[in-house]
Amino acid sequence: MVQRRDSDGARAWSTVEPAPPPPHSEDELVRRARALAGRRLEEVAARYGLRVPPDQRRHKGFVGQLLETALGATAGNRAEPDFPGLGVELKTLPVSPDGSVRESTFVCTAPMDGTLDVTWEASWVRHKLARVLWLPIVSEADTPLPERVIGGAILWSPSSDEDAVLRADWVDLADRLALGELGAANASHGVALQLRPKAARATDEAWMLGEDGEWVRDNPRGFYLRTSFTQRVLRARVRVG
DNA sequence: GACTGATCATGG
DNA sequence: CCATGATCAGTC
């Protein structure tokens with residue numbers, strides 16, 4: 001443990017810890033995560049000498065990145081699980097105090113160029129969701145970011161029922177993409193899994209396959225989980241009351 | 001409140 | 001450009 005000057009000036013002294021190394025086991029990861037339950041984000045950030053932005057308008061990835069640091073994730077923005085040695089993906093999930101999930105969950109980008117995986121079993125979506133550590137962040141929409149509270153982590157793999165629901169959606173969406181039905185590549189399809197725009201701007205374009213097999217330019221898409229799905233994941237595994 | 005399209009930061 | 005991390009914000 002070292003002492004350093006506070007990031008915004010010489011007035012305050014604070015105790016700053018280095019980020020922990022990756023956990024060696026799922027048990028260790030879950031213990032670390034559950035040890036954070038009940039802490040405010042500002043408390044966790046302070047350990048690592050980080051300032052919490054007042055809101056996420058310009059820092060939408062802050063919470064995920066903070067918790068990656070706190071739990072010893074290593075993958076950064078590489079195309080690997082957050083904990084490569086464990087094959088576990090970390091997903092923070094905003095929930096209201098009553099336990100309702102407040103946002104959808106991004107899974108991965110959707111290849112629109114005909115390179116979408118051939119089967120659900122081989123799909124990027126399924127690999128991403130094979131093992132997920134859900135970390136609820138308890139807040140209302142107007143709760144300042146520093147005051148948001150970490151909830152009880154859940155280490156999850158899809159049940160056979162959940163897998164079946166996701167597979168059905170994926171197969172349907174993959175069929176549409178294979179046919180170049182870009183008009184159908186919107187959020188209105190899918191019970192649990194949906195396609196949405198995934199780009200910095202609505203005007204961003206990428207090459208993708210059109211209806212007659214021609215190349216067209218359109219806004220990139222990503223796969224997202226609807227809140228109804230993540231809601232059930234949490235409800236099925238968290239004691240209520 | 002749910003839903004859908006739009007958007008923000010960062011790194012390679 | 002693509003990937004990582006997501007939430008914002010308007011409309012129904």
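Convention: sequence-line order gives letters A, B, ...; per-chain numbering from 1.
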Under 3.5 Å side-chain donor-acceptor pair for [X] and [Y]:
X        : Y        : result
A:Asp163 : A:Trp120 : yes
A:Arg196 : A:Ser104 : yes
A:Ser159 : A:Asp161 : no
A:Ser25  : A:Asp27  : no

Are A:Leu234 and A:Val165 linked, directly or through intermediate hydrophobic residues, by side-chain heavy-atom contacts shorter than 4.5 Å (ILVMFWY only)?
no
Quick one: [X] [atom1] to [N] [atom2], roughly how many Å, whole number?
X        : N     : atom1 : atom2 : result
A:Ile137 : C:dC8 : CD1   : P     : 13 Å
A:Gln56  : B:dC8 : CD    : C1'   : 11 Å
A:Trp207 : C:dC1 : CH2   : P     : 11 Å
A:His189 : B:dC3 : NE2   : C1'   : 14 Å
A:Leu90  : C:dG5 : CG    : C1'   : 10 Å
A:Gln194 : B:dG5 : CD    : P     : 9 Å
A:Arg196 : C:dA6 : CZ    : P     : 14 Å
A:His127 : C:dA3 : NE2   : C1'   : 17 Å

Pick the nucleotide of DNA chain B nearest each of A:Gln65 and A:Asn219; which residue has the one closer to the 5' end?
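Its nearest nucleotide lies further toward 5', so the answer is A:Asn219.
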Assuming nearest nucleotide by heavy-atom distance, tell me which of A:Arg201 and A:Ser104 is located more 5' along DNA chain B.
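Its nearest nucleotide lies further toward 5', so the answer is A:Ser104.
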Do any N or O atoms from the side chain of A:Glu214 and from the backbone of A:Asp212 form a donor-acceptor pair under 3.5 angstrom?
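Yes, the answer is positive, given that a donor and an acceptor are paired below the 3.5 Å cut-off.
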For C:dG5, does the base pair up with any side-chain atom of A:Lys198 as donor and acceptor (N or O, under 3.5 Å, distance only)?
yes
Do the side-chain N or O atoms of A:Arg78 get closer than 4.0 angstrom to the phosphate oxygens (OP1, OP2) of C:dC2?
no
OP1 or OP2 of C:dA6 less than 4.0 angstrom from a side-chain nitrogen or oxygen of A:Thr92, does that happen here?
yes
More 5' along DNA chain C: A:Val107 or A:Arg148, using each one's nearest nucleotide?
A:Val107
Identify all pairs in which a protein N or O lies below 3.5 Å from an N or O of nucleotides 9-12 of chain C, and state each distance.
none

Are A:Trp215 and A:Trp207 near enough that their ring centres are under 6.0 Å apart?
no
